[in-house]
Number of protein chains: 2
Amino acid sequence: MNVTIKDIAREAGCSIQTVSRALNNKVEIDPETKKRILEIAKKLNYSPNILASSLRLKKTKTLGIVIPDNSDPFYAEILQGASKKAKEHGYQIILSVLSQRGCDVDEEIDALHTLISQRVDGLLLQPEQETGIYLDALRECPIPYVLYNRSPEGLLCNYVTHNHEYGSFIACSHLFEKGKTEIYYLLRKPETSSTKARIKGCENAIKKYGLPKSSIKIIECDDSVNDAYQKTKSLLDHYVPQAFHTWDDIMAIGVAKAIIDKGLRIPQDVSLVGYNDILIARYFNPPLTTVRQQLTFMGETAVDILIQKISDKNSKRVEHVELTLELIKRSTT
Amino acid sequence: MNVTIKDIAREAGCSIQTVSRALNNKVEIDPETKKRILEIAKKLNYSPNILASSLRLKKTKTLGIVIPDNSDPFYAEILQGASKKAKEHGYQIILSVLSQRGCDVDEEIDALHTLISQRVDGLLLQPEQETGIYLDALRECPIPYVLYNRSPEGLLCNYVTHNHEYGSFIACSHLFEKGKTEIYYLLRKPETSSTKARIKGCENAIKKYGLPKSSIKIIECDDSVNDAYQKTKSLLDHYVPQAFHTWDDIMAIGVAKAIIDKGLRIPQDVSLVGYNDILIARYFNPPLTTVRQQLTFMGETAVDILIQKISDKNSKRVEHVELTLELIKRSTT
DNA sequence: CTGAAAGCGCTAACAA
DNA sequence: TTGTTAGCGCTTTCAG
């Protein structure tokens, strides 16, 4: 059915080896034969079977990436950066999107194993469950991997993250500087290392400004914007706090809607600081003060590290990259 | 290095064939041997080499998808739907993101050929260039494919789209009903079939309401939100139109910012209708009137059709699915 | 129920 | 410069 180098060899009256050499730009070949073979290949509409060559070469030029949810701009942006960079390096991306947004460890482990079975050369992961069982799976991983947005304790590995302790610190500090003495902090995924770092950052800000611990009140939300919206709404029914800070910009937009629906003004009545600086933040009304993460760059960097690890298998060095966060002051504070 | 069925066979003292049977849940095997083999496999941390089995089986259980830009929520949503559905069917996704957002035909053809080389079982594509050269490449495509969001003339193939002629028709009609007699329509990708359909829809609305052709003025923008923002701003410097309609919600948000920056009110001074109904539309301030596309569902449907075509290779029937669009009335009109 | 042999399409090593 | 041979890891005959 499909045309192979064998077919080309027959047509050209040479061995398959010669065809292989012509196709792979090897030097040890007569320019004339090479030209003839290439023409025949084109004529027969030949498409090399990467599967066969990968099997032989024991490398696939393929990276596996696990993404909890591509409809979240946060991850979509990371994936964008990763896939562009991979393409630049001549690597393909095999994508695994989790259906439970990472709430199911078994699914996550499964995704990992499937990708390994596919014989990808390396993996980009964000362990949603930084618990023993997933980390165990990771420890047995036979190929190089780089974590993004996570740096689990108790696992020595390559990762690229942001310094979230600093991120929530500058967000809260900014609000304190503006004279606010009370912040409601809406967060999610309370168990992840990144959330823990953020809470630490809040506490640091409290300390720095000599405020009581109760200055920051935490509200836990699930993954939907709507939950942030509803919880803010309920809160505002009883009480109007001075300021909100949120785990991401999407939640901030939900909070903003609740505030505006209540007939309150931002920032005159309530201040608001988001997180991530997704594209919309700048164009939102009012433009959102937020903490900028370098999402595309995180994806790119993770790929760079990964590919370096792939080429340099025996290097046992571990890469830790911490990207910088920046407070973007706009009109909600 | 890696453990293979050969290693398991040696360990179990049987042939590789028996191991293969145990691993693939074949019936013709003693339950006892099967159990023993499975245990050994687990002990040795065996991971099947999909490459080898794919090569042998001539199918990879893999779908290729080409996406112009994953940082655009429009495509991110489609990809989300597609990858979830693929996973449900037990298929993997190989992702190819274009670096020029589809402005480079050669890159697009290249992406196509690479995916074919990878021996994916099927392809999901959105031809950015509906010109001869890309369609030619498609005509030579040896594997099943389904187009999403495009239905190029002169190519008989499977596709899933929305009825954009109807979409812009309901958007414009809505504005006309509200008494507006003049709409500035900001669009992009003027050459695509989907844009042409939209312009047709505008003309239909004009006809229906017996208005002059000049009632709808077209402004062409590039792919950035900023361009929509800037162009609206320049326009508003000289003239305040009654209404805007945009090619997508992101552009609408850019337009809204320009209007608000100018000190004008939406919808009292200027009305605005977006397109797509991305998540943010509902939470935007003011909540955006828009035309809802079923993006996740489009991705899912495309995968469903594709997998059906893969299982049913000899069926020469061509599937055309046209999803329905819906006007979502919120507060910008 | 189990095993031996062949081959998927390709490339590396060696020989001519 | 070119051809021959072997083998990557797996599954599908076919034979025991």
Side-chain angles (χ1 to χ4, degrees), chain A residues 1-38 40-41 44-62 92 113-114 116-121 142-143, chain B residues 1-38 40-41 44-62 92 113-114 116-121 142-143:
Chain A
M1 166 210 126
N2 239 314
V3 23
T4 73
I5 51 170
K6 219 167 168 179
D7 301 314
I8 300 178
R10 192 181 329 108
E11 183 88 5
C14 67
S15 77
I16 58 168
Q17 186 43 238
T18 308
V19 176
S20 175
R21 275 191 274 256
L23 259 21
N24 291 291
N25 288 311
K26 300 282 178 186
V27 271
E28 324 91 341
I29 188 170
D30 184 282
E32 275 304 311
T33 10
K34 177 170 173 178
K35 193 170 152 245
R36 209 178 78 246
I37 288 171
L38 256 29
I40 294 173
L44 297 182
N45 198 19
Y46 169 75
S47 169
N49 188 326
I50 303 282
L51 253 39
S53 93
S54 294
L55 179 61
R56 183 67 239 250
L57 260 30
K58 287 175 172 298
K59 63 180 177 194
T60 53
K61 281 280 194 173
T62 291
Q92 297 293 307
H113 285 157
T114 308
I116 294 173
S117 260
Q118 300 265 349
R119 293 299 184 265
V120 295
D121 292 336
I143 53 176
Chain B
M1 164 209 127
N2 239 314
V3 22
T4 72
I5 51 170
K6 218 167 168 178
D7 301 315
I8 300 178
R10 193 182 327 109
E11 183 88 6
C14 66
S15 77
I16 59 168
Q17 184 43 237
T18 309
V19 176
S20 174
R21 274 191 276 257
L23 258 21
N24 291 291
N25 288 311
K26 300 281 179 187
V27 271
E28 323 92 339
I29 189 172
D30 184 281
E32 274 306 310
T33 9
K34 177 170 173 179
K35 193 170 153 242
R36 209 178 77 247
I37 288 171
L38 257 28
I40 294 173
L44 297 182
N45 198 19
Y46 169 75
S47 168
N49 188 326
I50 302 283
L51 253 39
S53 91
S54 294
L55 180 61
R56 182 68 239 251
L57 261 29
K58 288 176 171 296
K59 64 180 180 195
T60 53
K61 280 281 193 174
T62 291
Q92 296 294 306
H113 285 156
T114 308
I116 294 173
S117 261
Q118 299 265 347
R119 294 298 184 267
V120 294
D121 292 336
I143 52 176

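Proteins get letters first, then strands, A, B, ... in listed order; numbering begins at 1 in each.
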Open item on the list: Just to be sure I understand the rule, does B:Ile29 reach a base, reach only the sugar-phosphate, or reach nothing, if contact means heavy atoms closer than 4.0 Å?
Closed with: sugar-phosphate
TODO: Indicate whether the side chain of B:Arg119 and that of A:Ser47 have a donor and an acceptor atom separated by less than 3.5 Å.
DONE: yes
- [ ] Would you indicate whether the side-chain heavy atoms of B:Thr114 and A:Gln92 approach each other to under 4.5 Å?
- [x] yes
Open item on the list: Using the side-chain contact (heavy atoms from CB on, under 4.5 Å) criterion, which residues pair with A:Ile16? Sequence neighbours excluded.
Closed with: A:Ile5, A:Lys6, A:Ala9
Task: With B:Lys34 via side chain to side chain donor-acceptor pair (under 3.5 Å) - residues at least two apart - done: B:Asn25
Task: Contact boundaries on DNA chain C for chain B, cut-off under 4.0 Å to non-hydrogen atoms - done: C:dC1 to C:dG9
- [ ] List for me each residue that meets salt bridge (Lys or Arg N to Asp or Glu O under 4.0 Å) alongside A:Arg10, sequence neighbours excluded, and say none if there are none.
- [x] A:Asp7
TODO: Mind checking side-chain contact (heavy atoms from CB on, under 4.5 Å) for A:Lys59 and listing every partner two or more places apart, or none if nothing turns up?
DONE: A:Leu57, A:Asp121
Task: Inter-axis angle, terminal five-pair segments of the helix from C:dC1-D:dG16 to C:dA16-D:dT1 [nearest 10°] - done: 40°
TODO: Identify, with sequence neighbours excluded, every residue that meets side-chain contact (heavy atoms from CB on, under 4.5 Å) alongside A:Ala12.
DONE: A:Cys14, A:Arg36, A:Ile37, A:Ile40
Task: For A:Ile50, side-chain contact (heavy atoms from CB on, under 4.5 Å) partners two or more places apart - done: A:Ser54, B:Ser117
Task: Pairwise side-chain contact, A:Asn45 with A:Val3, heavy-atom cut-off 4.5 Å (strictly under) - done: no
With the criterion being N/O to N/O and under 3.5 Å, what pairs connect the protein with nucleotides 10-13 of chain D, and how long is each?
unit_1: D:dC10; atom_1: OP1; unit_2: B:Tyr46; atom_2: OH; d: 2.4
unit_1: D:dC10; atom_1: OP1; unit_2: B:Asn49; atom_2: N; d: 3.2
unit_1: D:dC10; atom_1: OP2; unit_2: B:Ile5; atom_2: N; d: 2.7
unit_1: D:dT11; atom_1: OP1; unit_2: B:Asn24; atom_2: OD1; d: 3.4
unit_1: D:dT11; atom_1: OP1; unit_2: B:Asn24; atom_2: ND2; d: 3.2
unit_1: D:dT11; atom_1: OP2; unit_2: B:Ser20; atom_2: OG; d: 2.9
unit_1: D:dT11; atom_1: OP2; unit_2: B:Asn24; atom_2: ND2; d: 3.3
unit_1: D:dT11; atom_1: O2; unit_2: B:Arg56; atom_2: NH1; d: 2.3
unit_1: D:dT12; atom_1: O4; unit_2: B:Gln17; atom_2: NE2; d: 2.5

Open item on the list: Measure CG/B:Asp7 against P/D:dG9 and give the value in whole Å, please.
Closed with: 9 Å
Open item on the list: Any base atoms under 4.0 Å from A:Ser54, or only sugar-phosphate, or nothing? Heavy atoms, all strands.
Closed with: nothing
- [ ] Could you grab the distance from atom CG of B:Leu44 to atom CD1 of B:Ile8, nearest 0.5 Å is fine?
- [x] 6.0 Å
